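This structure is a prediction, so every number in the text was calculated from the model and none was measured. These numbers come from the heavy atoms of this one structure, side chains and all, not from hydrogens, waters or symmetry mates.
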Amino acid sequence: MEQTDLDELYSWFDTYVEPFLETDEEGARNIQLKIEHTRKVCEAMAQLSVGERLSENEARVASAVALLHDVGRFPQYRRWRTFRDSDSDNHARLAVEVIREQNILAELDSAEQLLIEEAVRFHNLLEPPATVKSPTRLFINLIRDADKLDIWRVFVELLAQPPEKRASAATLGLPDLPDTASGACVAALDSGSIVRLETATCFNDFKLLQISWVYDLTCSTARRMLRERGYIETLAASLPQRSEIREAVSKAVLSLST
Ligand SMILES: [Fe+2]
């Protein structure tokens, strides 16, 4: 993959997303959130590429994966007005549909096309399929880490805003009950597992879920970036200050340094 191929993908993206902004204020805010997310995932991916010593070509493929991983979000929101896959459609599958419909990888050799499509397709699975082989595995891991790093950023910025200013789709419609956190979610985090979305019943549960992603990071550069950015500490500060929650969070933070 050449740099010119990547540059063309970047300009395709800008043109593609523009019409999705032509909607009401709330819709435009939600779309804008995903555009910004994509840009920041590309930035995080660039840092991961350096930290993980990718070759120049690998770094370009990784950038393409970062740019395209969430393009399914735009048709998803237009059609269903939600980013919740369970209420609409799998946004990674939709992204591959966009990539194919728009024929944007045609200039690349078929192995790279497949690599990009597969990394996009599997970026949002709870666990990536065990049968996926290297080098696809590398790009799946990288996009999952880069994506999480930026979902944390979005979420921390969201928490800093007054509730009425928050882009509605980002909170997944979960009720914000300041003193409530489900025992099952706290227990999952405490045991070093990923909190499952279907067990989250309130906004604090969703914070616990996001903290539990520390256990899903694959590369040491991502762990270092997360430590430097301090997102986990910020998320934890907005949770109910109970000892079982504090302990579960401490374990998660500690795991980043090992
Ligand atoms: Fe994403």
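- Evaluation of the side-chain contact (heavy atoms from CB on, under 4.5 Å) rule for V156 yields Y231, T234, L235 as partners, not counting sequence neighbours.
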Atom pairs and distances, donor-acceptor, side-chain atoms in residues 43-51, under 3.5 Å, two or more places apart:
| residue | atom | partner | partner atom | Å |
| --- | --- | --- | --- | --- |
| S49 | OG | M45 | O | 2.9 |

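- Take T218 and apply the side-chain contact (heavy atoms from CB on, under 4.5 Å) test, not counting sequence neighbours, and it matches N141, D145.
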Test salt bridge (Lys or Arg N to Asp or Glu O under 4.0 Å) applied to D85 and R93, step by step: CA-CA 10 Å; D85 286 10; R93 198 188 63 74; over 6 Å; no
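- Under the 4.5 Å side-chain criterion, counting only non-hydrogen atoms from C-beta, F203 is not in contact with P178.
- Shown here for S212 and L189, the closest heavy-atom pair between the two residues is CA-CD1, 3.5 Å.
- For residues 10-21, the pairs satisfying side chain to side chain donor-acceptor pair (under 3.5 Å) are W12-Q102, with sequence neighbours left out.
- L94 and I99 sit in two unconnected hydrophobic clusters of ILVMFWY residues. Membership requires side-chain heavy atoms under 4.5 Å apart, directly or through other members.
- Under the side-chain contact (heavy atoms from CB on, under 4.5 Å) criterion, A64 pairs with M1, L6, L9, I116, not counting sequence neighbours.
- By the side-chain hydrogen bond (donor to acceptor under 3.5 Å, both in side chains) test, W80 is found to be paired with no residue, residues two or more places apart in sequence or in another chain being considered.
- Partners of H91 by ring-ring contact (aromatic ring centres under 6.0 Å, His included), not counting sequence neighbours, listed by chain and number: H123.
- For the side chain to side chain donor-acceptor pair (under 3.5 Å) condition, the pairs that include at least one residue of residues 245-256, sequence neighbours left out, are D190-K251.
- Within 6.0 Å of the CD atom in E25, the count of heavy atoms belonging to other residues, nucleotides or ligands does not exceed 12.
- Pairs of residues two or more places apart, or lying in two chains, never qualify as ring-ring contact (aromatic ring centres under 6.0 Å, His included) while including a residue from residues 239-258.
- In this structure, K34 fails the cation-pi test against Y77, since its NZ or CZ atom is not both closer than 6.0 Å to the six-membered ring centre and inside 45 degrees of the ring normal.
- Partners of L256 according to the side-chain contact (heavy atoms from CB on, under 4.5 Å) rule, which considers only residues two or more places apart in sequence or in another chain, are V214, L217, R223, L226, R227, I232.
- For S88, the side-chain hydrogen bond (donor to acceptor under 3.5 Å, both in side chains) criterion is met by Q76, not counting sequence neighbours.
- Take D147 and apply the side-chain hydrogen bond (donor to acceptor under 3.5 Å, both in side chains) test, not counting sequence neighbours, and it matches H37, H69.
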